[in-house]
There are 2 protein chains.
Amino acid sequence: MALEHAILVSLLEKPGSGYELARRFDRSIGYFWTATHQQIYRVLRRMDGDGLLEVREVAQQGRPDKKEYSVAAPGRAALTAWLHEPVEPESIRHELAVKIRGAAFDEPSALISEVERHREAHDDRLRHYLAGERRDFGGPDAPRPLDVGQELQHAVLRGGIAFERMTVAWLDDVLDTLRRLRAARPGSRD
Amino acid sequence: MALEHAILVSLLEKPGSGYELARRFDRSIGYFWTATHQQIYRVLRRMDGDGLLEVREVAQQGRPDKKEYSVAAPGRAALTAWLHEPVEPESIRHELAVKIRGAAFDEPSALISEVERHREAHDDRLRHYLAGERRDFGGPDAPRPLDVGQELQHAVLRGGIAFERMTVAWLDDVLDTLRRLRAARPGSRD
DNA sequence: CTTGTCTATGCAACAAGTTGCATAGAAAGA
DNA sequence: TCTTTCTATGCAACTTGTTGCATAGACAAG
């Protein structure tokens with residue numbers, strides 16, 4: 001279960017509550033793994049029950065109390081064990097691609113605005129990642145920070161940037177194709 | 001549920017049995033959606049119960065009988081409806097990226113062979129896609145086949161090719177980073 | 001003073017996906 | 001002949017992930 005390991009990594013980087021983790025999963029960790037708060041709370045409780053975590057009740061002023069989790073020794077051991085065993089290369093799951101192929105059985109040009117919307121969403125994410133790169137790492141070829149954690153975080157972020165760039169370019173390609181099809185067979189329903 | 005729609009698209013492209021669908025999900029449809037045979041059989045039965053499909057028992061020589069599914073009118077309507085409603089832009093889920101970030105809390109160079117393995121797997125897929133492109137579409141800039149379905153299938157395949165190319169390049173980048181870290185802090189455990 | 005947003009945690013029900021196992025005839029190879 | 005592989009379908013149990021709802025105090029805007 002990779003959510004468990006993503007939580008261990010995130011808590012090793014910095015201890016925090018379920019709520020804080022949920023927000024990290026909307027940002028940096030979310031570059032490569034997503035989770036809702038319900039899922040996170042459930043898994044945190046299980047991991048705590050398994051002795052992988054330590055909890056500390058933290059009283060706050062002007063806010064509800066929170067449970068701050070950190071990684072216990074068995075949690076760190078579990079992460080190390082997982083790091084040393086192979087995982088399967090993952091396949092993509094892209095709903096939009098299903099739609100694009102399905103457009104052959106409908107009006108292909110009906111998909112143009114949908115693809116445009118996705119293109120903009122990926123472009124937004126790309127710009128967000130690039131802003132984060134400038135902020136946290138001083139740009140793509142900054143002088144090396146010489147901190148292992150930062151180096152690896154930057155390498156993962158470069159992956160997110162490459163993914164979004166590639167996706168935007170591909171969706172532009174798809175839009176070209178859809179527009180060409182629309183021009184060639186106007187009003188046709190195939 | 002996108003598996004349902006992926007099945008509708010695949011059956012519209014060509015009717016087939018659950019077994020045949022499962023094999024297509026290991027190939028062309030599998031470029032962007034994966035499913036096991038158990039999942040496919042279960043969903044096929046539900047879709048049949050919902051009246052989206054038509055079944056035909058086909059006797060075969062030298063092989064077990066099969067149930068050949070094709071799309072009924074309500075199935076086609078369901079696909080059209082789905083094509084016209086928006087879907088959310090998807091996020092990636094990349095277990096290897098979790099590992100890379102986790103490597104900061106272990107020996108980073110222990111990950112090198114794992115990343116190399118993934119790099120080769122993605123490179124294999126890339127070559128497989130490129131071979132399919134040559135076979136089915138005559139290469140990246142073949143004369144336009146002028147068939148809507150083929151155009152769209154090619155556009156999706158180009159997306160798969162772009163994804164694998166990007167991934168291989170990124171993993172090379174990650175390998176550079178890991179090797180640099182190994183050279184800089186030999187035998188260190190962070 | 002009410003509505004909305006933010007922090008913070010959680011239950012219950014459901015949907016989707018995975019894993020292990022079972023059956024069964026035909027063909028192919030050792 | 002025995003084992004393996006391929007075609008073909010399916011059940012049962014389990015894990016993972018999603019959706020809807022609930023609570024509750026603090027704060028800000030109208």
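The model shown is predicted, which means the values in this text are computed figures rather than measured ones. Chain letters run A, B, ... following the sequence lines, proteins first, then strands; residues in each count from 1.
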Using a heavy-atom cut-off of 4.0 Å across all strands, would you classify Q38(A) as base, sugar-phosphate, or nothing?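 Result for Q38(A) = base.
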
Please determine, for the side chain of R23(B), which listed nucleotide (dA8(D), dA8(C), dT9(D)) has the closest atom?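 Nearest nucleotide to the side chain: dA8(D).
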
Checking contacts here: which listed nucleotide (dT18(D), dT9(D), dA8(C)) is nearest the side-chain heavy atoms of Q39(A)? dT18(D)

Let me know, please, whether W33(A) or G18(B) comes out on the 5' side of the other along DNA chain D by nearest nucleotide. G18(B)

On DNA chain D, check which nucleotide each of E68(B) and H37(A) is closest to and give me the residue with the more 5' one. E68(B)

Looking at NE2 of H37(A) and CZ of R23(A), how far apart are the two atoms once the value is rounded to the nearest 0.5 Å?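 Reported to 0.5 Å precision, the distance equals 13.5 Å.
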
Whole angstrom value for the distance that separates [atom2] of [N] from [atom1] of [X]:
{"X": "L21(B)", "N": "dT7(D)", "atom1": "CG", "atom2": "P", "result": "14 Å"}
{"X": "L3(A)", "N": "dG17(C)", "atom1": "CG", "atom2": "C1'", "result": "15 Å"}
{"X": "K67(B)", "N": "dA8(D)", "atom1": "NZ", "atom2": "P", "result": "13 Å"}
{"X": "R93(A)", "N": "dA15(C)", "atom1": "CZ", "atom2": "P", "result": "18 Å"}
{"X": "D48(B)", "N": "dT9(D)", "atom1": "CG", "atom2": "C1'", "result": "14 Å"}
{"X": "R56(B)", "N": "dA8(D)", "atom1": "CZ", "atom2": "C1'", "result": "16 Å"}
{"X": "K66(A)", "N": "dG10(C)", "atom1": "NZ", "atom2": "P", "result": "14 Å"}
{"X": "E4(A)", "N": "dT16(D)", "atom1": "CD", "atom2": "C1'", "result": "12 Å"}

If only side-chain N and O atoms of [X] are considered, is one of them under 4.0 Å from the OP1 or OP2 phosphate oxygen of [N]?
{"X": "Q60(B)", "N": "dA8(D)", "value": "yes"}
{"X": "S17(B)", "N": "dT9(D)", "value": "yes"}
{"X": "R63(A)", "N": "dC27(D)", "value": "no"}
{"X": "T36(B)", "N": "dG17(C)", "value": "no"}
{"X": "Y19(A)", "N": "dT7(C)", "value": "yes"}

For a quick check under 3.5 Å, do T167(A) and R125(A) share a side-chain donor-acceptor pair by atom type? no

Would a 4.5 Å heavy-atom cut-off, applied to side chains only, mark I29(A) and E13(A) as touching? yes

With heavy-atom distances below 4.5 Å as the criterion, would you say the side chains of K66(A) and Y19(A) are in contact?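 Result no, sub-4.5 Å side-chain heavy-atom pair not found.
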
Are R119(A) and E116(A) close enough for a salt bridge, meaning some N to O gap below 4.0 Å?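 No, R119(A) and E116(A) are not salt-bridged.
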
Tell me whether [X] contacts the main-chain N or O of [Y] through its side chain, where contact means a donor paired with an acceptor under 3.5 Å.
{"X": "W170(B)", "Y": "A155(A)", "result": "yes"}
{"X": "K99(B)", "Y": "W82(A)", "result": "yes"}
{"X": "D50(A)", "Y": "L52(A)", "result": "no"}

Contact list for DNA chain D against residues 40-47 of chain B - heavy-atom distance below 4.0 Å: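 The stretch gives Y41(B), R42(B), R45(B) as the residues lying under 4.0 Å from the strand, ordered by number.
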
